[in-house]
Amino acid sequence: MQDNRKMRYILAFLVLGISTVVLVILNICIGTVEIPFMDILQSIAGKSVDNERILWDIRMPRAFAALLLGGALGLAGYLLQTFFHNPIAGPFVLGISSGAKMMVALVMVFLMGNALHVSSAAFVGALLSMGFVLAVSRKVNHMAMLVVSGVMIGYICSAITELVVTFASDSDIVNLHNWSRGSFSGMTWDNVKVITGVVLITYLFVTWIAKPLGAYQLGEVYAQNMGVNIPAFRVLLVILSSILSACIVAFAGPISFVGVAVPHLVKSLLRTTKPILMIPACFLGGSVFCLFCDLLARMLFAPTELSISTVTAVFGAPVVIIVMMRRKKSNL
């Protein structure tokens, strides 16, 4: 039995790893301009090839951003589902995306900010929402109240955004709408460097808390008996998941359903909830999911590009529905 489990884990990680590599290559090669795989290898080796600017300035930054941000989405979803003990909790359940959208609206309408200002505003807005949730978490003990608080801050931020949009020009409204649909387009290597730094550091912290996370999954009383400081651990979980979510919103806009669907798909693949396995698997699963959806978003109706949230919702929403149906059956 133990050998079968190990073999299953090995095969699962092989599938996820190979799928990630293959999808990165496909995302770089396939587009309105086809780039042969050999051209990629020659360009990496330092040789001059056709469409080199498209390869290095557009395709590769976008593919690596989708890989990193998709992984961050999957990991953030896993952390929040563990935190709330709720199978349909996602990265934006705490009002993070609403806070980010509010700040982006303020910058676009009143400061006429460029891409850097928009990204910075989204990050600040997401962290402000996180700060509110952290303040509430010190006052309440029930997870349901924390979820309600996140929903309420989301409504407040949405109301402020609608108020700001009332005074916006048509071009600002269009820009805000396009940003709020989510996209990996327009990524640069500078963006990828920042994303890599934030995601890598956060991932290392999440891996570091894998053991107390496993105890927390078995209940707060059990975790406390194992020496876990529950209030501090809850704050740490919110901070880590919010930093990941803020990074995603800042650079790609709100992307729906990935954080909810991926942990369940990975759990079905591994048939375990052990954090030491789920953490890297959710990261890889999120990368595969977003790379696949981004490829479809670019190619289904080329040269017209769909928003990434449109595609992720098509594949992610059925997973959420299935999870809710299974949960209902188990309660009968």
Side-chain angles (χ1 to χ4, degrees), residues 12 15-32 34-35 58-78 80-81 88-93 96-97 100-101 122 177-187 191-192 195-196 199 244-245 247-269 280-323:
V15 168
L16 291 171
I18 292 171
S19 298
T20 302
V21 173
V22 169
L23 283 167
V24 167
I25 294 171
L26 290 176
N27 272 266
I28 295 173
C29 292
I30 298 176
T32 52
E34 300 290 335
I35 299 177
I58 299 175
R59 297 274 179 86
M60 291 184 76
R62 178 169 183 158
F64 283 112
L67 185 153
L68 291 167
L69 293 177
L73 269 170
L75 187 56
Y78 171 67
L80 286 175
Q81 287 175 13
I88 59 171
F92 306 115
V93 72
I96 292 172
S97 60
K101 187 175 181 179
H177 174 70
N178 290 337
W179 175 86
S180 64
R181 293 167 65 204
S183 176
F184 294 117
S185 65
M187 291 293 175
N191 295 149
V192 173
I195 293 168
T196 302
V199 173
L244 291 172
S245 302
C247 184
I248 296 151
V249 175
F251 288 100
I255 300 176
S256 59
F257 288 105
V258 178
V260 180
V262 166
H264 294 290
L265 295 173
V266 169
K267 199 179 297 180
S268 298
L269 183 64
C282 283
F283 190 91
L284 288 173
S287 298
V288 170
F289 197 97
C290 280
L291 285 166
F292 174 70
C293 290
D294 191 42
L295 184 62
L296 290 182
R298 288 194 297 111
M299 298 309 302
L300 274 178
F301 301 103
T304 301
E305 182 176 321
L306 299 173
S307 71
I308 185 67
S309 287
T310 302
V311 184
T312 56
V314 169
F315 291 99
V319 175
V320 177
I321 293 170
I322 292 169
V323 168

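Quantities reported herein were computed from a predicted structural model and do not represent experimental measurements. All values below were derived from every heavy atom in this structure, side-chain atoms included, with hydrogens, water molecules and symmetry-related copies excluded.
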Checklist outcome for this item: Taking every heavy atom of G74 against every heavy atom of P263, the minimum-distance pair comes out as O-CG, 3.9 Å

Checklist entry - If only atom types and distance count, is the side chain of Q81 paired as donor or acceptor with the main-chain N or O of V260 below 3.5 Å? => result yes

Next on the checklist: Counting C-beta onward and ignoring hydrogens, is there a side-chain heavy-atom pair between Y78 and V266 closer than 4.5 Å?
Outcome noted: no

Checklist entry - How long is the span from the CD1 atom in I25 to the CD1 atom in I35, to the nearest 0.5 Å? => result 13.0 Å

Item to check | Shortest non-hydrogen contact from I195 toward A65 | outcome: CD1-CB, 4.4 Å

Next on the checklist: I need the minimum non-hydrogen distance between M187 and L69, along with the two atoms involved.
Outcome noted: CE-CD1, 4.0 Å

Checklist entry - To the nearest 0.5 Å, how far apart are CG in L75 and CG in L80? => result 10.0 Å

Checklist entry - Side chains of F289 and L265: closer than 4.5 Å at any heavy-atom pair? => result yes

Checklist outcome for this item: Exactly one of V24, I28, V192 clears side-chain contact (heavy atoms from CB on, under 4.5 Å) with M60, and that residue is I28

Checklist entry - CZ/F315 to OG1/T310 distance, rounded to the nearest 0.5 angstrom? => result 12.0 Å

Item to check | Pairwise side-chain contact, P254 with K101, heavy-atom cut-off 4.5 Å (strictly under) | outcome: no

Item to check | Considering all heavy atoms, the nearest V319-H264 contact | outcome: CG1-CB, 4.3 Å

Next on the checklist: Are V199 and F283 packed together at the side-chain level, in the sense that at least one heavy-atom pair is separated by less than 4.5 angstrom?
Outcome noted: yes

Item to check | Heavy-atom pair with the smallest gap, counting every atom of P318 and A313 | outcome: CD-O, 3.9 Å

Next on the checklist: I need the full list of side-chain hydrogen bond (donor to acceptor under 3.5 Å, both in side chains) pairs touching residues 21-32, with sequence neighbours left out, sorted by first then second residue.
Outcome noted: none

Checklist entry - Do the non-hydrogen side-chain atoms of I255 and F184 ever get within less than 4.5 Å of each other? => result yes

Checklist entry - Does anything in residues 283-300 pair up under side-chain hydrogen bond (donor to acceptor under 3.5 Å, both in side chains), and if so which pairs, sequence neighbours excluded? => result R62-D294

Checklist outcome for this item: Value for CD1 (I248) from CG (L68), rounded to nearest 0.5 Å, stands at 10.5 Å

Next on the checklist: One pair to check against side chain to side chain contact (heavy atoms under 4.5 Å, CB included): L291 and T20. What are the steps and the verdict?
Outcome noted: CA-CA 8 Å; L291 285 166; T20 302; 4.3 Å; yes

Checklist outcome for this item: d(L16 CG, C282 SG) to nearest 0.5 Å is 9.5 Å

Checklist entry - For S256 and T312, which heavy atoms make the closest approach, and how far apart are they? => result O-OG1, 2.9 Å

Checklist outcome for this item: Taken to the nearest 0.5 Å, the spacing of L295 CG from C290 SG works out to 12.5 Å

